[in-house]
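This report concerns only the one structure given below.
No experiment lies behind these values; they were computed from the predicted model shown.
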Amino acid sequence: MKNSIIFILFIIYTTTIFFLDDVIILLIVFIINLILNFLFKVKISDTIRYIIKILPFILLTVIINWILSNYKYSILVGIKLLLVCHITYIYSKTTSVRKIANTIKNICYPLKIINIDTKDIEVMVCISLSMIPILKKEFNQVKEACMVKGIKYNIKNIKIILSKLLISILKRVNEIEESLISKGYVEE
């Protein structure tokens, strides 16, 4: 129950950030994020590295909003994205994949009324969240293999890279399917 409340508060908190337009309130949200960062003992250096990693995507969003709207709005959107990514990083570092999947299963409990098995939802969420680091690793391996073979990592060769990545992903999906079947998790 505690995890469900924390998850719902997290969703409300992150959603609310996007509706804020006052810079002072966003500064208060930033201070709250920093306090949570220290409270949950998430390393500041890791947080900064994470933010630097996602900064190109945030800057791209800012540039697109600048082109479509104005610079004040685009900077505001960038700040909101940074704040949401920061709190999401804190949540992901303090909560395991299993806890998130179990929380979503508990939140989806009312779906049992219409005969939806929440354990299936839990398994799907767990597999989905667990696949993210695997896909990242697979992508890096395919990229390195292409570089070793002399295939440059650019838009011209994207078809080759994506086909190798797709084959690798399909192999992983097949392994997961075989694992689920061997553990007795069979669709009825």
Next on the checklist: Within this structure, what is the OH-CG distance for the pair Tyr91 and Leu36, rounded to the nearest 0.5 Å?
Outcome noted: 13.0 Å

Checklist entry - Does one hydrophobic cluster hold both Ile90 and Phe18, with members joined at side-chain heavy-atom distances below 4.5 Å? => result yes

Checklist entry - Side chain of Asn3, backbone of Asn102: donor and acceptor closer than 3.5 Å? => result no

Item to check | Minimal non-hydrogen separation, Ala101 against Val125, with atom names | outcome: CA-CG1, 3.8 Å

Checklist entry - Closest heavy-atom contact between His86 and Asn37? => result NE2-OD1, 3.4 Å

Next on the checklist: I'd like to check Tyr13 versus Asn33 (side-chain heavy atoms, cut-off strictly below 4.5 Å). Are they in contact?
Outcome noted: yes

Checklist entry - What residues join Ile67 in its hydrophobic cluster, counting side-chain heavy atom gaps under 4.5 Å, either direct or through other members? => result Ile63

Checklist entry - Same cluster or not: are Tyr109 and Met124 linked, directly or through other Ile, Leu, Val, Met, Phe, Trp or Tyr residues, by side-chain heavy atoms under 4.5 angstrom apart? => result no

Checklist entry - Residues two or more places apart in sequence or in another chain: which of them pass side-chain contact (heavy atoms from CB on, under 4.5 Å) with Thr118? => result Lys105, Cys108, Lys112

Checklist entry - What closest approach, in Å, do Trp66 and Ser74 show between heavy atoms, and which atom pair accounts for it? => result N-CB, 3.4 Å

Next on the checklist: Between Asn174 (side chain only) and Leu170 (backbone N and O only), is there a donor and an acceptor less than 3.5 Å apart?
Outcome noted: no

Checklist outcome for this item: Heavy atoms of Gly78 and Val62 approach each other most closely as CA-CG2, 3.5 Å

Checklist entry - Mind checking who shares a hydrophobic cluster with Phe38, ILVMFWY linked at side-chain heavy-atom distances under 4.5 Å? => result Ile44, Ile48, Ile52

Checklist entry - How far does CD of Glu122 sit from CG of Asp117, to the nearest 0.5 angstrom? => result 9.5 Å

Checklist entry - If you group Ile, Leu, Val, Met, Phe, Trp and Tyr by side-chain heavy-atom gaps below 4.5 Å, do Val77 and Phe57 land in one group? => result no

Item to check | Ile79 reachable from Ile64 in the ILVMFWY side-chain graph, under 4.5 Å edges | outcome: no

Checklist entry - Looking only at heavy atoms, which two atoms of Lys99 and Thr95 are closest? And how far apart? => result CB-CG2, 3.7 Å

Next on the checklist: Using every non-hydrogen atom in the two residues, find where Cys85 and Ile58 come nearest and quote the distance to one decimal.
Outcome noted: SG-CD1, 4.4 Å

Checklist entry - How many angstroms lie between OG1 in Thr16 and CG in Leu83, if you round to the nearest 0.5 Å? => result 12.5 Å

Checklist entry - Under 6.0 Å from the OH atom of Tyr73, do we count more than 12 heavy atoms belonging to anything else shown? => result no

Checklist entry - Is the CZ atom of Phe30 crowded by more than 12 outside heavy atoms at less than 6.0 Å? => result no

Checklist entry - Quick one: are Ile134 and Ile169 in side-chain contact, heavy atoms under 4.5 Å? => result no

Next on the checklist: Could you see if Ile32 belongs to whatever hydrophobic cluster contains Ile17? Use Ile, Leu, Val, Met, Phe, Trp, Tyr and a side-chain cutoff under 4.5 Å.
Outcome noted: yes

